[in-house]
Amino acid sequence: LPRTAWAPLIGTATTAAAGISTFVLSGAWLDDAYGLSTGGLGLVAAAFGLVELVSSTSVAMRGDRIGARRSAMCGLVVLATGAAIMLSAGGSRAVAITGLLVFLTGFEFSFVSSLTLVTEAAPDARGRAIGISSAMGTITRATSIVAAGQLYETFGMTGTLSMAVGCAAVAFGAFGVTHTPTAPADR
């Protein structure tokens, strides 16, 4: 792959790590910190599905006009905003759930947008770029899940969200240096 292909691959992998690290612990966090019942967790999980649908549809409707790089970066800003809301929730279950939904909206919007960057990263080796990106994503997601669990056990959701925002910052930087010659909106 050309050197320029690595930035979007890294950005996509670290975006995936940011999202999954928080997603996998969200139920435990809502139960531990807010006593959310199993039925309540089911409703929140249903809201996750709605958030994913809205985010993916938004990318389909607006992503090309905004540009994949900008879309991915904007999604990461929304993700970080959601993390800040979650951390400021205090004892408010409603604020915590709102923050989590904002976080997941930003994650999904960024991740789906980043897939275009991966497919354009190496026009002469699209299959290789997609395959390597998938492998990198698998490794970063698995690593972040293990680390997130350890951080949650030691520091609570603050530790997990710190890692997630750190991953998002790496992704933001990687997307910031991503070259997208086929997307005029990104210039």
Side-chain angles (χ1 to χ4, degrees), residues 1 3-30 33 48 51-52 55-56 58-59 63 67-89 96-121 129-180 186:
L1 294 177
R3 280 185 299 160
T4 57
W6 290 100
L9 273 61
I10 291 167
T12 299
T14 52
T15 298
I20 197 71
S21 64
T22 302
F23 181 77
V24 299
L25 291 169
S26 60
W29 173 62
L30 290 172
F48 290 172
V51 161
E52 287 185 29
S55 294
S56 296
S58 295
V59 172
R69 186 172 66 94
R70 285 186 186 148
S71 293
M73 294 171 79
C74 287
L76 291 169
V77 171
V78 173
L79 178 151
T81 302
I85 293 168
M86 290 169 71
L87 290 172
S88 68
I97 293 170
T98 299
L100 180 58
L101 293 175
V102 170
F103 178 96
L104 292 173
T105 299
F107 159 69
E108 189 71 20
F109 191 84
S110 182
F111 183 74
V112 173
S113 296
S114 75
L115 297 177
T116 299
L117 297 174
V118 169
T119 64
E120 297 297 322
I130 292 168
I132 292 171
S133 176
S134 179
M136 290 172 64
T138 298
I139 292 167
T140 58
R141 286 189 309 270
T143 303
S144 72
I145 289 168
V146 171
Q150 298 301 313
L151 289 167
Y152 182 76
E153 287 294 319
T154 304
F155 303 105
M157 197 54 133
T158 301
T160 300
L161 287 172
S162 295
M163 182 186 74
V165 170
C167 289
V170 170
F172 191 90
F175 293 143
V177 299
T178 295
H179 178 64
T180 55
D186 280 345

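Numbers for residues simply follow the sequence, beginning at 1.
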Quiz item: Do Phe48 and Leu100 come within less than 4.5 Å of each other through their side chains, counting heavy atoms only?
Solution: yes
Quiz item: Quick check: does any side chain N or O of Thr12 sit under 3.5 Å from a backbone N or O of Leu9, one acting as donor and the other as acceptor?
Solution: no
Quiz prompt | Residue pair Ile139 / Thr143: nearest heavy atoms and the distance that separates them | solution = O-OG1, 2.8 Å
Quiz item: What distance separates Leu104 CG from Glu52 CD, expressed to the nearest 0.5 Å?
Solution: 7.5 Å
Practice problem: Of all the heavy-atom pairs spanning Ala83 and Phe103, show the shortest one and how long it is. | Solution: N-CD1, 4.0 Å
Practice problem: Kindly indicate whether the side chain of Met136, heavy atoms from C-beta on, has any atom under 4.5 Å from the side chain of Ile10. | Solution: yes
Quiz prompt | Non-hydrogen atoms of Ile85 and Gly99 that approach each other most closely | solution = CG2-CA, 3.4 Å
Quiz item: Under 3.5 Å, is there a donor-acceptor pair between the side chain of Ser114 and the main chain of Phe111?
Solution: yes
Quiz item: Can you find a heavy atom in the side chain of Phe109 that is under 4.5 Å from one in the side chain of Val78?
Solution: no
Quiz item: With Ser110, which residues qualify under side chain to side chain donor-acceptor pair (under 3.5 Å), at least two apart?
Solution: none
Quiz item: Do Phe172 and Val165 come close enough that some side-chain heavy atom pair is under 4.5 Å?
Solution: no
Self-check item: Heavy-atom pair of closest approach, residues Ala147 and Met163
Solution: CB-SD, 3.6 Å
Practice problem: Search all heavy atoms of Gly159 against all heavy atoms of Leu151 and return the closest pair with its distance. | Solution: O-CD1, 3.5 Å
Quiz prompt | Thr138: partners by side chain to side chain donor-acceptor pair (under 3.5 Å), with sequence neighbours left out | solution = Arg141
Exercise. Mark yes or no for whether Thr15, through its side chain, and Gly11, through its backbone, hold a donor-acceptor pair below 3.5 Å.
Key: yes
Quiz item: Is the backbone of Thr158 close enough, under 3.5 Å, to the side chain of Ser162 for a donor and an acceptor to pair up by distance?
Solution: yes
Quiz item: Do you know the tightest heavy-atom contact between Ala7 and Val177?
Solution: CB-CG2, 3.8 Å
Exercise. Find the distance between CE (Met73) and CG (Leu117) and round it off to the nearest 0.5 Å.
Key: 10.0 Å
Quiz item: Between Thr140 (side chain) and Ala13 (backbone), is there a donor-acceptor pair under 3.5 Å?
Solution: yes
Self-check item: N/O donor-acceptor pair under 3.5 Å between Thr160 side chain and Ala148 backbone
Solution: yes
Exercise. Output the distance between atom OG (Ser71) and atom CZ (Phe175), rounded to the nearest 0.5 Å.
Key: 10.5 Å
Contacts under 3.5 angstrom, residues 17-25 side chains, donor-acceptor by atom type, not counting sequence neighbours:
| unit_1 | atom_1 | unit_2 | atom_2 | d |
| --- | --- | --- | --- | --- |
| Ser21 | OG | Ala17 | O | 3.1 |
| Ser21 | OG | Ala18 | O | 2.9 |

